[in-house]
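These notes are about the structure you will find just below.
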Amino acid sequence: MAPSRIVFLMYHELELPGRKLVQSEPGYVRYILPLDIFRSQMRWLKDSGFHGLSVSEAIRYPQEPSVCITFDDGCETDLISAAPVLREFGFRATFYLTAGFLGTPGYLKADQVRELDALGLEVGCHSMTHPYLSDLSDAELGREIVDAKVQIEQMLGHVIEHFSCPGGRYDRRTLEIARRAGFRTVANSEFHANTASTSPYELGRVAMLRDLLLEEFGATCRGRGLWKKQLQDRARRSVRQALGNRIYDKLRAALLVEHQQ
Ligand SMILES: [Zn+2]
């Protein structure tokens with residue numbers, strides 16, 4: 001039997017009618033799906049015979065057709081919008097929380113984090129303050145990775161095993177500190193499916209963008225066409241490396257605004 005390849009999907013806040021998003025700039029909004037689009041994607045998965053798995057389940061690489069469902073940032077819509085849909089279809093998921101944002105407007109509060117956990121949905125960590133980890137000193141990395149883990153663990157009373165990198169940025173030190181802190185996996189946002197031979201500290205994920213059509217979503221879940229996105233992404237990364245994160249972000253924001261006009 002062919003080894004199991006699983007695509008890890010990366011979601012963020014969901015958009016509800018009449019509800020303000022936690023951020024409004026175009027670079028943020030392009031990663032935000034309206035709730036009904038998210039629901040139609042989950043419906044497609046169910047109708048197509050896919051299982052929706054948490055990271056802990058996915059890294060066992062079961063043979064059944066599956067995707068891993070992940071959410072970054074810890075927005076309140078994780079609990080009030082995503083969780084009910086996931087439960088409706090019998091799916092699991094992993095929610096990576098930004099520890100320092102919890103309790104601020106639009107993000108989960110401590111009791112909501114406990115509620116998510118009690119529903120059997122998996123809680124992971126997405127740093128303390130959402131910086132680009134590759135820009136930080138070792139001491140700052142300790143706070144962003146180790147202290148954030150401890151803070152969420154104290155909230156839940158059990159171990160947190162999975163970490164995802166803000167903005168997908170990481171380097172060797174990031175992975176080493178995460179491993180030493182006791183994380184079993186680190187997810188980034190590189191466009192590739194994962195298999196049993198993928199390093200658990202370099203799990204690729206495919207960002208779910210607002211303008212993704214349902215047929216493209218289906219192809220992505222089957223792992224088709226990821227190489228094209230991977231090529232585009234590599235080109236973007238090399239531009240980013242040449243410019244540095246700060247200049248790259250300014251340029252990207254300017255281009256996105258222009259694109260919207
Ligand atoms: Zn994030």
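Just so you know, residue 1 is the first one in the sequence shown, and it goes up from there. In listed order, ligands and their atoms are each counted from 1.
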Q) More than 12 heavy atoms of other residues, nucleotides or ligands under 6.0 Å from CZ of Arg210: is that the case? A) yes
Q: Flag the pair Cys75 / Val22 as yes when at least one side-chain heavy-atom distance between them is below 4.5 Å, and no otherwise.
A: yes
Q) Between Asp111 and Lys109, is there a salt bridge with N-O shorter than 4.0 Å? A) no
Q) Do any of the N, O or S atoms of His12 sit under 2.8 Å from the Zn ion (ligand 1)? A) no
Q. Of the backbone and side-chain N, O or S atoms of Asp73, does one lie nearer to the Zn ion (ligand 1) than 2.8 Å?
A. yes
Q | Angular separation of NE2 (His130) and NE2 (His126) seen from the Zn ion (ligand 1), to 10° | A | 90°
Q) Less than 4.0 Å between a side-chain N and a carboxylate O, is that true for Arg172 and Glu176? A) no
